[in-house]
Amino acid sequence: MKIPSLFDDGAEAFRKVPEVDYNHIKGPFDEGLCLLLNTTDHNPHRAEILGIGLSRNQQQAVYVPIRHQGAENVADALPILKQTLQDPSIKKIGHDLKSHIIALKRHGIELRGPLRDTMIASYLLDSNRSNHHLEGLSEEYLQITLRIPDKSRNLSLEEHAELIGERLLCIRRLEEVLFKRLSDSALEGLYNNLEEPLIPILAEMEMVGVKIDSQRLKDLSKELEEQLGSIKARIYSIAGERFNINSTQQLGHILFEKLHLKPTKKTKTGYSTDIDTLSQLATVHELPAEILNYRTLSKLKNTYLDALAEMISPQTGRVHTTLHQAATATGRLSSSDPNLQNIPIRGDWGSRIREAFVAEEGCLLLSSDYSQIELRVLAHMSGDERLIEAFRADKDIHTATAALLFKVSEDHVSREMRRVAKVVNFGILYGMSPYGLSEALKIGTTEAAEYIGNYFNLHRGVKDYIERAIQSARDTGFAYTLFGRRRAIGDINSTNKTLRQQAERIAVNTPIQGTAADLIKIAMIRVNSAIKAQGLTSRLILQIHDELLFETPCQEVETLKGLVKREMEGVETLSVPLKVDIHHGPNWGGAH
DNA sequence: GCCGTCACG
DNA sequence: ACGTACGTGACGGCA
């Protein structure tokens, strides 16, 4: 069998320029303009553009060098391309266009026009993929093996041109294949109305970044350094020797061999020393509590003070996270380098760390979060009467659940009863078993089974929803959100019970988590449009799954508050109201 | 590069 | 007897 080649149907190899014939990249752009940047760095926030590959059809591509040793006058290329790249009537095709938007913006160009992103298309088709790299997609959908550039070697201009060109033609063909599949799978609406408009918004959020009070981080780090020093000394004294507290291996040796404490569970590699184990051991020995304290504080210091400080851009004094639009199986975004979606919030140290996230002079941070969005989505999708009634009456949902579970009136619900009900409510979202609930609540499995049975007797709609979700996954092989986003559930009909049950929990949870993700994405688009339409200068700077964080000039804060509440609560009409809580202050700390 | 652990929703 | 709640990303240790 003949191996298909890129150039089978007469595609031209690349014009290896420095002497660019710009006619090649002038119109017509009936098929859109496909582009691929060649940059010095993977991270677009610091990447310099070495060159840009362009193609206006499936046959031709050119490589335009911007900066290359030995090539003259190449720096003039970007201004010539600017008009075309900024033309909103020309469709732009690319793989991970958000990176392109950011890198080009740093060179003064605003990439505009309908965006056809092959990475996002692949994600909508199969959100379970571990990645959506061009290499893998080309293999799978085009049966073309892309060459990997040899990083240890400086490539010649011709080599750059060839590698970029090869990729460009793959992107063009992928666009055709993937977007055809999107429309065949009824996913085009999700692309056009949700993911595509989100691309420039995420680019903007990353570019704006979040201002950090670096002195505050340093002060907190110093304070923790001192605390950790004294905890460490106590640990060594109790253990009777010095050892690496961070090593689970060495810690296991001290706890379970030297001190003869009882191991309660084990990991693949040895004794478990996780939080559950150590909390239990803390009732019989003084060392485990010290270890837990040490771990908490060293995590805060290492990850959220020292590492975060390193990520502050010297140019902007802000941190510029990367937001991933094609990362999670459910449709949520993720954040990395640094991850700003898991900044501590609980406890004294959580608040103190968030106080280092600040607004620009004359500005405030405004945070708006959906109240109980996943349980509201469950109420809508299940149609459960009691759940719907509770939300319509604007009740505290955990208190309402507790009142039902324990058969008392709502004003007789104790803190403990509410705590149990809260765990049960979250357990429902995750498809928990009696065992899972018993572990979470530290109660017997019989008692846990009673709670669950009790809950389902009171919430027949939820029970039915769970059965429907599982049956639908069995029939279609997918879990679907309210907006048609899908996630393949491969093991739903597995003969392996463990795998099958895991798949069933995914089938129950994904529509809930995924619908909530869809809703907040739509809200981001609406809020951004409304901010623009009203001529405000407030900026959306972060999304944390059910929360949006804005930076806003002090004089705009009241206007923004109204706008955000309106757009977020009105994003979609469900059978229960959506509720948004809003706080603002000079920083992200809890004392707004 | 994987593992255990733990920060968040 | 087994395995046992959904979704992420980052850190330090270790092979």
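In what follows, every chain begins at residue 1, and chains take the letters A, B, ... in the order their sequences are listed. Quick caveat: nothing in here was measured; it's all calculated off a predicted structure.
For A:Glu226, the side-chain hydrogen bond (donor to acceptor under 3.5 Å, both in side chains) test picks out no residue, with sequence neighbours left out.
Within the structure, a side-chain polar atom (N or O) of A:Gln502 is placed less than 4.0 Å from OP1 or OP2 of C:dC6. For C:dG13, the OP1/OP2 oxygens have a side-chain nitrogen or oxygen of A:Asn244 closer than 4.0 Å. Between C:dG7 and A:Gln341, no contact under 4.0 Å exists linking OP1 or OP2 to a side-chain N or O. In terms of phosphate contacts, A:Thr498 brings no side-chain nitrogen or oxygen within less than 4.0 Å of OP1 or OP2 of C:dG3. Between A:Asn342 and C:dG9, a side-chain N or O to OP1/OP2 separation shorter than 4.0 Å is absent. Using a 4.0 Å cut-off, no side-chain N or O of A:Arg332 falls inside it from OP1 or OP2 of C:dT8.
A salt bridge does not link A:Asp491 with A:Arg500: every distance from a Lys NZ or Arg NE/NH1/NH2 to an Asp or Glu carboxylate oxygen is 4.0 Å or more. The residues A:Arg216 and A:Glu355 are annotated as salt-bridged, a charged nitrogen and a carboxylate oxygen being separated by less than 4.0 angstrom. The pair A:Lys265-A:Asp274 meets the salt-bridge criterion, with a side-chain N (NZ, NE, NH1 or NH2) lying under 4.0 Å from an Asp/Glu carboxylate O. A salt bridge does not link A:Lys497 with A:Glu504: none of the charged nitrogens is closer than 4.0 Å to a carboxylate oxygen. The pair A:Asp126-A:Arg486 fails the salt-bridge criterion, with no side-chain N (NZ, NE, NH1 or NH2) lying under 4.0 Å from an Asp/Glu carboxylate O. We find that A:Glu551 and A:Lys211 are not joined by a salt bridge, their nearest charged nitrogen and carboxylate oxygen being 4.0 Å or further apart. A:Glu416 and A:Arg419 are joined by a salt bridge, as a carboxylate oxygen and a charged side-chain nitrogen come within less than 4.0 angstrom of each other.
A:Ala516 comes within 4.0 angstrom of no nucleic acid atom, judged by non-hydrogen atoms across all strands. Note on A:Ser433: a base of the nucleic acid sits closer than 4.0 angstrom, heavy atoms only. Backbone-only engagement by A:Ile275 is indicated by non-hydrogen atom pairs under 4.0 Å involving sugar-phosphate atoms exclusively. Residue contacts for A:Ile544: at a heavy-atom cut-off of 4.0 Å it reaches the sugar-phosphate backbone alone, with no base atom in range.
In summary, the side chains of A:Thr273 and A:Arg295 do present a donor paired with an acceptor at a separation below 3.5 Å, with no hydrogens or angles considered. No hydrogens or angles considered: nothing links the side chains of A:Asp581 and A:Tyr370 as a donor-acceptor pair under 3.5 Å. Side-chain atoms of A:Gln325 and A:Glu195 form a donor-acceptor pair, as typed in the model, at a separation below 3.5 Å. For the 3.5 Å distance criterion, the side chains of A:Arg487 and A:Asn128 qualify, holding a donor opposite an acceptor.
For A:Phe243 and C:dG12, the CZ to P distance is 18 Å, given to the nearest whole Å. Note: CD (A:Gln372) to P (C:dC6) measures 20 Å, nearest angstrom. As a whole-Å value, the separation of A:Lys266 NZ from C:dT4 P is 14 Å. Rounded to whole Å, the distance from CG on A:Asn425 to P on C:dA5 is 18 Å. Between the P atom of C:dC11 and the CD atom of A:Glu310 lies a distance of 11 Å, rounded to the nearest Å. Distance A:His545 NE2 to C:dG7 P: 13 Å, rounded to the nearest Å. Here the P atom of nucleotide C:dG12 and the CG atom of A:Leu228 are 13 Å apart, to the nearest Å. A:Ile343 has its CD1 atom 11 Å from the C1' atom of C:dG9, to the nearest Å.
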Using atom types as modelled, flag every donor-acceptor pair under 3.5 Å from a side chain in residues 228-238 of chain A to any protein atom, sequence neighbours excluded.
| residue | atom | partner | partner atom | Å |
| --- | --- | --- | --- | --- |
| A:Ser230 | OG | A:Gln227 | O | 3.0 |
| A:Arg234 | NE | A:Glu290 | OE1 | 3.3 |
| A:Arg234 | NE | A:Glu290 | OE2 | 3.1 |
| A:Arg234 | NH2 | A:Glu290 | OE1 | 3.4 |
| A:Tyr236 | OH | A:Phe243 | O | 3.2 |

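Of the listed nucleotides (C:dT8, C:dC11, C:dC6), C:dC6 has the atom at the smallest distance from the side chain of A:Tyr430. In this structure, of C:dT8, C:dC14, C:dC6, it is C:dC6 that holds the atom nearest to the side chain of A:Ile506. Picking from C:dC14, C:dG9, C:dG7 the nucleotide with the shortest atom distance to the side chain of A:Ser247 gives C:dC14. Closest approach to the A:Val423 side chain among C:dA5, C:dC11, C:dA10 is made by C:dA5 (side chain taken as heavy atoms from C-beta onward).
The C1' atoms of B:dC6 and C:dC2 are separated by 27 Å, rounded to the nearest whole Å.
Of the possible polar contacts, one joining the A:Thr476 side chain to the A:Phe478 backbone as a donor-acceptor pair under 3.5 Å is found.
Taking a pair as Watson-Crick or G-U wobble with both distances under 3.5 Å, DNA chain C forms stems of 3 or more consecutive pairs at B:1-9 with C:6-14.
Note that the first and last nucleotides of DNA chain B, 5' to 3', having any atom under 4.0 angstrom from a heavy atom of chain A are B:dC3 to B:dG9.
The stretch residues 472-493 of chain A touches DNA chain C through A:Arg487, each having a heavy atom within less than 4.0 Å of the strand. Contacts between residues 434-464 of chain A and DNA chain C, counted as heavy-atom distances below 4.0 Å, involve A:Tyr435, A:Ala440.
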Worksheet entry | A:Lys301/A:Glu225 under salt bridge (charged side-chain N to carboxylate O under 4.0 Å, His left out): CA gap, chis, key distance, verdict | CA-CA 8 Å; A:Lys301 178 175 186 294; A:Glu225 177 76 51; 3.2 Å; yes
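For the pair A:Lys266 and A:Tyr271, the cation does not sit on the ring face, since its NZ or CZ is not both under 6.0 Å from the ring centre and inside 45° of the axis.
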